[in-house]
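Below is one structure, written out as C-alpha cells, with a few remarks after it.
Each residue takes its place number in the sequence, starting with 1.
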Amino acid sequence: MAEWKPLNLGELTEILDREIQSLSPEGLSIWEAKKVPIRKARIERPRSIGDESVFVVAASSGAVIYFDDVEDEFGVGVPDAHDCIHEVSLYGPLGYALPCLKGRG
C-alpha cells in the first residue's frame with residue numbers, strides 16, 4: 001500500500017476537470033452558479049485523528065462542497081466563522097454533492 005500524501009492544487013484541478021466533464025446539464029448549471037476560487041479549509045475530525053485540511057470548491061449560504069483527499073471523494077459540510085467545516089457528509093463524485101447546494105443562496 002502506497003503512503004498517503006496530501007493532494008496538491010494541480011492534482012485537484014485534474015480531478016475537477018474530469019468531474020466537470022461528467023456532469024449532467026443540471027449539475028453543470030449548479031456548478032457554474034456555486035463554484036468558488038479553490039481554497040483550503042480545515043475539516044473537523046474526531047479528536048483521536050485531529051482536524052485535517054481539505055479544498056473547498058463550491059459554496060452557498062451555510063454549506064460548502066470540498067474535496068477530501070483522504071477519502072478521495074467530494075463532500076458537503078457547514079463552515080463556521082473560522083472556516084472549519086462541520087456536519088460533514090461524503091458523496092463521492094462531484095455530481096452527487098452538487099444537488100445539496102441547489103436552492104441555497
For this session: Check whether any side-chain N or O of Thr13 sits under 3.5 Å from a backbone N or O of Leu9 as a donor-acceptor pair, and report yes or no.
Result: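 Yes, the answer is positive, given that a donor and an acceptor are paired below the 3.5 Å cut-off.
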Problem set entry | Stepwise side chain to side chain contact (heavy atoms under 4.5 Å, CB included) test for Ile20 and Leu28 | CA-CA 7 Å; Ile20 292 166; Leu28 188 56; 4.0 Å; yes
Would you name the heavy atoms of [X] and [Y] that are closest together and state the gap between them?
{"X": "Val64", "Y": "Ala59", "value": "CG1-CB, 3.9 Å"}
{"X": "Ala58", "Y": "Trp31", "value": "CB-CZ3, 4.1 Å"}
{"X": "Phe55", "Y": "Asn8", "value": "CZ-C, 4.2 Å"}
{"X": "Ala41", "Y": "Val56", "value": "CB-CG2, 3.7 Å"}
{"X": "Val76", "Y": "Ala63", "value": "CG1-CB, 4.4 Å"}
{"X": "Ser53", "Y": "Lys40", "value": "OG-CD, 4.0 Å"}

Rounded to the nearest 0.5 Å, how far does [atom2] of [Y] lie from [atom1] of [X]?
{"X": "Ser24", "Y": "Ile30", "atom1": "OG", "atom2": "CD1", "result": "7.0 Å"}
{"X": "Leu98", "Y": "Glu26", "atom1": "CG", "atom2": "CD", "result": "9.5 Å"}
{"X": "Phe74", "Y": "Leu90", "atom1": "CZ", "atom2": "CG", "result": "11.5 Å"}

Exercise. Yes or no on side chain to side chain contact (heavy atoms under 4.5 Å, CB included) for Ile65 and Lys34, after CA distance, side-chain angles and deciding distance?
Worked result: CA-CA 9 Å; Ile65 292 178; Lys34 305 298 183 179; over 6 Å; no
For this session: Quick one: do Ile38 and Leu16 satisfy side chain to side chain contact (heavy atoms under 4.5 Å, CB included)? Show the steps, please.
Result: CA-CA 11 Å; Ile38 298 170; Leu16 264 178; 3.7 Å; yes
For this session: Sorted by first residue and then second, give each side-chain hydrogen bond (donor to acceptor under 3.5 Å, both in side chains) pair with at least one member in residues 74-96; sequence neighbours left out.
Result: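 Every pair satisfying side-chain hydrogen bond (donor to acceptor under 3.5 Å, both in side chains) with a residue in residues 74-96: Arg39-Asp83, Glu44-His86, Asp80-His86.
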